[in-house]
There are 2 protein chains.
Amino acid sequence: MNKQEIPDIIISRLPIYLRALRHMQAEGKLSTSSQELGERIGISAAQIRKDLSQFGEFGKQGTGYDIAYLIEQLREILRVERVWDVALVGMGDMGHALSRYQGFSDRGFRVAMVFDNDPAKIGGQVGNYIVRDAKELVAAIQASGIKLVMLCVPASAAQEVTNQQVEAGVKAILNYAPINLNVPAGVRVQYLDPSIGLQRMTYYLG
Amino acid sequence: MNKQEIPDIIISRLPIYLRALRHMQAEGKLSTSSQELGERIGISAAQIRKDLSQFGEFGKQGTGYDIAYLIEQLREILRVERVWDVALVGMGDMGHALSRYQGFSDRGFRVAMVFDNDPAKIGGQVGNYIVRDAKELVAAIQASGIKLVMLCVPASAAQEVTNQQVEAGVKAILNYAPINLNVPAGVRVQYLDPSIGLQRMTYYLG
DNA sequence: TAGATTGTTAATCGATTAACAATC
DNA sequence: TAGATTGTTAATCGATTAACAATC
């Protein structure tokens, strides 16, 4: 239960388990085994059991895991049993797409405000949002207590905007900009650069 | 040099090195050290040297690495010294954003064709592309020899479309759909589900 | 009950780090 | 030369897997 004892690599698998369990649930399944779950996501049954055992005993010998119960437990562990407000910064094509993304609401997230620094965009409407001036970013994030940001600005602006976010109290950044971000301890970054994703696979192309 | 001997975790770091080196180059730097590169991206100097040593000797004692030379070497190792044609499947908001993304061309990729199954979109123009009917996908990919796909269809369609792509000879899929894909050996998938990215960080939010 | 499957331990495997001779 | 930094080896650390008693 002590957080610094759970390796990050285990935490990073839990959302995968959760996603697969919800798909099983949507298919009408009521229970599953570590074996079956593992086959679906390409992870060994032993690893799934070991990972889950870090947090408690969620299964039953002989019958496996109740899907609804395990989903509930994983949501609590990951703290997505609640809904987190997220700020979206940079309303280019990627920011625009994320502002309209339907997949956040039932996974624990809500885009609460969107920012850009382009006068042509500020004040305009994108999806359900009015684009706010990036100059208000620090004050608005501080006032709202937002801890999560999705960063969709150009690489050239990403570090500066990140510094502002950190100053405003942001603790987690989903970074779409193709650049490494330097953040202080206690702030986390997940990288979603599409080119990196592709370059991780070309090595293997025959 | 034998490909099955190089661990995937090493391959997955090389694009990060490459990206950072290109930023250094853009800043006018000519050479760097494993120490300096490591500080920039949060990876130990020893690990960078160990990773690179899998592929050859690219540095000089005392002076470090020539940035232009190391970039060239990494591009060859990753096979992005050439340009790969990529098919984009699913022209919702995310597909639309990726079709207009400017970051692919100088990282080794080019969106060559885009597909959707919506009659309202087929034949229409998005960015520089005419949207093609997803029914033509297998034939078009086979004919063109495309090995890379960016998948932006809804989760409910992702596995079926993946099966078609595999049949057509696709070897690498960048998957934006929030679902695990089952693919045969020899086909690789990289996952870019934004909700998973966020859920990997909420655990740590105090 | 018999079969299935958990949670956990010990063994194995693999990745990272520290240290340093070589050398630019 | 003296200082810096590589490539590599050995040591350490951490993650995965195999196996099985417990038990549903």
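Letters A, B, ... are given to chains in the order of the sequence lines, protein chains preceding strands, and every chain is numbered from 1.
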Please step through salt bridge (Lys or Arg N to Asp or Glu O under 4.0 Å) for the pair A:Arg22 and A:Glu72, ending with a clear verdict. CA-CA 10 Å; A:Arg22 294 185 73 154; A:Glu72 192 187 321; over 6 Å; no

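The distance from atom CD1 of A:Ile11 to atom P of D:dA15 is 12 Å, rounded to the nearest whole Å. Between A:Gln61 atom CD and D:dA21 atom P there is a gap of 14 Å when expressed in whole angstrom units. Following rounding to the nearest Å, B:Tyr69 (OH) and D:dT6 (C1') show an atom-to-atom distance of 14 Å. Rounding to whole angstrom units, CD of residue B:Gln54 and P of D:dT9 are separated by 11 Å. One interatomic measurement links the two molecules: CZ of A:Phe58 to P of C:dG7, which rounds to 8 Å at whole-angstrom precision. Rounded to an integer number of Å, the gap from NZ of A:Lys60 to C1' of D:dC24 is 8 Å. In this entry the distance linking CG of A:Leu70 with P of C:dT6 reads 11 Å, nearest Å. When the C1' atom of C:dT9 is taken as reference, atom CD of A:Glu57 falls 14 Å away, rounded to whole Å.
Looking at A:Asn163 and A:Glu167, their side chains never bring a donor and an acceptor atom within 3.5 Å of each other.
Between A:Glu81 and A:Arg107 there is no salt bridge, since no side-chain N of the basic residue sits under 4.0 Å from a carboxylate O of the acidic one.
Residue A:Thr63 places no side-chain N or O under 4.0 Å from the OP1 or OP2 atom of C:dA4. Of the side-chain N and O atoms in A:Tyr65, one or more sit less than 4.0 angstrom from OP1 or OP2 of C:dG7.
No side-chain heavy atom of B:Val149 sits less than 4.5 Å from a side-chain heavy atom of B:Leu174. In this structure the side chain of A:Ile196 reaches within 4.5 angstrom of the side chain of B:Ile16, judged on heavy atoms.
The two atoms that bring A:Tyr65 and A:Arg49 nearest to each other are OH-CG, 3.7 Å, heavy atoms only.
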Mind listing the side-chain donor-acceptor pairs of residues 185-195 of chain A below 3.5 Å, one per line with the distance, residues two or more places apart or on another chain?
unit_1, atom_1, unit_2, atom_2, d
A:Tyr191, OH, A:Leu181, N, 3.1
A:Tyr191, OH, A:Leu181, O, 3.4
A:Asp193, OD1, A:Ser195, N, 2.9
A:Asp193, OD2, B:Arg19, NH1, 3.0

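End-to-end axis angle of the helix from C:dG3-D:dC24 to C:dC24-D:dG3, using five pairs per end and rounding to 10°, comes to 20°.
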Quick one: which protein N/O atoms are closer than 3.5 Å to N/O atoms of nucleotides 16-19 of chain D? Pair and distance per line, please.
unit_1, atom_1, unit_2, atom_2, d
D:dT16, OP1, A:Arg13, NH1, 3.1
D:dT16, OP2, A:Arg13, NH2, 3.0
D:dT16, OP2, A:Gln47, NE2, 2.9
D:dT16, O5', A:Gln47, NE2, 2.9
D:dT17, OP2, A:Ser44, OG, 3.0
D:dA19, N6, A:Arg49, NH2, 3.2

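Nearest nucleotide to the A:Ser33 side chain, out of D:dT8, C:dT6, C:dA15: C:dT6.
In terms of modelled atom types and a separation under 3.5 Å, the side chain of A:Arg200 and the main chain of B:Ser12 share a donor-acceptor contact.
Residues B:Asp8 and A:Thr32 each lie close to DNA chain C; by heavy-atom proximity, the contact nearer the 5' end of the strand is made by A:Thr32.
Distance check: A:Leu37 CG to A:Gln47 CD gives 11.5 Å after rounding to the nearest 0.5 Å.
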